[in-house]
A.B. asks: 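Sending over a structure as structure tokens; questions will come in a sec.
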Amino acid sequence: MPELPEVETIKRGLQNELINKTIERVQIKTPTLIKMPRINEFLSKLQNSQIINVKRRGKYIIININIDYQLIIHLGMSGRLEFHPNSEKENLTKKYEKHEKHNHLYFFFEDGSELIYNDVRKFGKLWLLRKKKNLSRIETLGYEPLSEEFTLHRFSKLLKNSTKNIKKVLMDQKKIAGIGNIYANEILFQSRIHPLRKANLLSKNEVKLLFMNIQKILLEAIELKGTTMVDESYIDLEGNKGRYGEVIKVYGKKNSICPVCGQPLEIIRIENRSTFVCPNCQK
DNA sequence: AAAGTAACCTGCCCGC
DNA sequence: TGCGGGCAGGTTACTT
């Protein structure tokens, strides 16, 4: 589910709510989601620890704890975090009632608030690791597309070195971290580039356009707090929907026409993912 | 070496 | 109304 803008929105929420909070107790209902360390160690390390800050890398949330450990969360397709402030607990319980059976992990804080990890499909994962010993998967992530290290020059070099189709490259977390199926579709449509074009054969202008659209679209989506499709499988910490879905141009638009030229949109499968293309606009 | 497929899971939608 | 197939924001492992 969540791509960079959704994960960033959740991270900002956690940053607002969790800093300096002390974890009183952790309750685990689905131990298989915790990849490291063993459950007992996971529980005992977190108990009475204090949250220092919350960061994001690609689609990973990184919660730094005062004991030289960090809690790393990947939400997979359907993972959510819910924050329940002490005072509103009853209202919120009602609000989330129908999803309750997919609550897998509870963090209870000293002040009575709680954080819940909920995940229908259970593709999400959590790790508690020493800060120095970074998760290898995070170490191999590619450029953070909204950081200064992500320059046109580097992006262009990266594309030159790949003969794969451009959609695959945009979604390759080892090259650029955080772009998933929704935003890859939108970025390519707005850049008028067909997703099956070979990355190394794009023109200089196309590369520049792509580069600018990656940042423009991700920033707009963060501004609107991510994308919630009709099924509501993404909501933020407070249970609010993202509004980027209201301005989405092609993703999920089955039986629709191109908003630019009016031709019917095509749906093709690339890497087993639905890909929405205007055959007239995207060359 | 790129590209395709299946697997991990549950729920929902669509057509028959 | 019910059943089966296909599909869903991700990632990894295996095959062609």
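Proteins get letters first, then strands, A, B, ... in listed order; numbering begins at 1 in each.
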A.B. asks: Strictly by Watson-Crick or wobble contacts shorter than 3.5 Å, is anything paired with B:dA7, and which nucleotide is it?
C.D. replies: C:dT11
A.B. asks: Mapping A:K174 and A:S274 to their closest nucleotides on DNA chain C, which lands nearer the 5' end?
C.D. replies: A:S274
A.B. asks: In whole angstrom, what separates A:M171's CE from C:dT12's P?
C.D. replies: 13 Å
A.B. asks: May I have the distance from A:M77 (atom CE) to C:dG6 (atom C1'), rounded to whole angstrom?
C.D. replies: 13 Å
A.B. asks: Have a look at A:K59 and say if it touches a base, only the backbone sugar-phosphate, or nothing, with a 4.0 Å heavy-atom cut-off.
C.D. replies: sugar-phosphate
A.B. asks: Does any part of the side chain of A:I72, heavy atoms only, come nearer than 4.5 Å to the side chain of A:L129, both counted from C-beta?
C.D. replies: yes
A.B. asks: For residues A:L128 and A:P37, determine if any side-chain heavy atom of one lies less than 4.5 Å from a side-chain heavy atom of the other.
C.D. replies: yes
A.B. asks: Nearest-Å distance, CG (A:N118) to P (C:dG9)?
C.D. replies: 19 Å
A.B. asks: Using the P atoms only, state how far C:dG6 lies from B:dT5, rounded to an integer number of Å.
C.D. replies: 13 Å
A.B. asks: Hey, could you give me the CG/OG distance between A:N161 and A:S156, rounded to the nearest 0.5 Å?
C.D. replies: 9.5 Å
A.B. asks: What's the CG-C1' distance between A:L75 and C:dG10, to the nearest Å?
C.D. replies: 10 Å
A.B. asks: Could you check whether A:E271 pairs with A:K168 (Lys NZ or Arg NE/NH1/NH2 to Asp/Glu carboxylate O, under 4.0 Å)?
C.D. replies: yes
A.B. asks: Going by atom types alone, do A:K55 and A:Q70 pair a side-chain donor with an acceptor below 3.5 Å?
C.D. replies: no
A.B. asks: Donor-acceptor pair, A:K35 side chain versus A:T32 backbone, under 3.5 Å?
C.D. replies: yes
A.B. asks: Between C1' on C:dC7 and NZ on A:K253, what's the gap in Å once rounded to a whole number?
C.D. replies: 18 Å
A.B. asks: Report, one pair per line, the protein and nucleotides 11-16 of chain B atoms (nitrogen or oxygen only) whose separation is under 3.5 Å.
C.D. replies:
unit_1: B:dG11; atom_1: OP1; unit_2: A:K101; atom_2: NZ; d: 3.0
unit_1: B:dG11; atom_1: OP1; unit_2: A:H102; atom_2: NE2; d: 3.1

A.B. asks: Between C:dG9 and B:dC13, how far apart are the P atoms? Round to whole Å, please.
C.D. replies: 16 Å
A.B. asks: Calculate the interatomic distance between A:N200 atom CG and B:dA1 atom P; express it in whole Å.
C.D. replies: 15 Å
A.B. asks: Give one of base, sugar-phosphate or nothing for A:T228, where a contact means two heavy atoms less than 4.0 Å apart.
C.D. replies: base
A.B. asks: Got a second to check how far A:S49's OG is from A:D68's CG, nearest 0.5 Å?
C.D. replies: 12.0 Å
A.B. asks: With rounding to whole Å, what would you report as the distance between B:dC9 and C:dG2 at their C1' atoms?
C.D. replies: 23 Å
A.B. asks: Got more than 12 heavy atoms from elsewhere within 6.0 Å of NZ, A:K241?
C.D. replies: no
A.B. asks: Counting just side-chain N and O atoms, does A:S78 come under 4.0 Å of either OP1 or OP2 of B:dC9?
C.D. replies: no
A.B. asks: Any donor-acceptor pair under 3.5 Å linking the side chain of A:N118 with the backbone of A:H99?
C.D. replies: yes
A.B. asks: For the C1' atoms, the ones on B:dC8 and on C:dC3, what distance do you get once it is rounded to whole angstrom?
C.D. replies: 24 Å
A.B. asks: Return a single string for nucleotides 2-8 of chain B, one symbol per nucleotide in 5' to 3' order, where B is base contact, S is sugar-phosphate-only contact and - is none, cutoff 4.0 angstrom on heavy atoms.
C.D. replies: SB--B-B
A.B. asks: Is A:E144 salt-bridged to A:R57, cutoff N-O under 4.0 Å?
C.D. replies: yes
A.B. asks: Grab the CZ-P distance between A:R273 and C:dT12 for me, whole Å please.
C.D. replies: 13 Å
A.B. asks: Going by distance alone, is a donor N or O of one side chain under 3.5 Å from an acceptor N or O of the other, for A:Y183 and A:T227?
C.D. replies: yes
A.B. asks: Provide the Watson-Crick or G-U wobble partner of B:dC12, both distances under 3.5 Å; none if there is no partner.
C.D. replies: C:dG6
A.B. asks: How long is the line joining CG of A:N181 and P of C:dC7, in whole Å?
C.D. replies: 13 Å
A.B. asks: Quote, to the nearest angstrom, the P distance that separates C:dG5 from B:dA7.
C.D. replies: 15 Å
A.B. asks: Under 4.0 Å between a side-chain N or O of A:H74 and OP1 or OP2 of C:dG10?
C.D. replies: no
A.B. asks: Within the structure shown, what part of the strands sits under 4.0 Å from A:Y251 by heavy-atom distance: base, sugar-phosphate, or nothing?
C.D. replies: sugar-phosphate
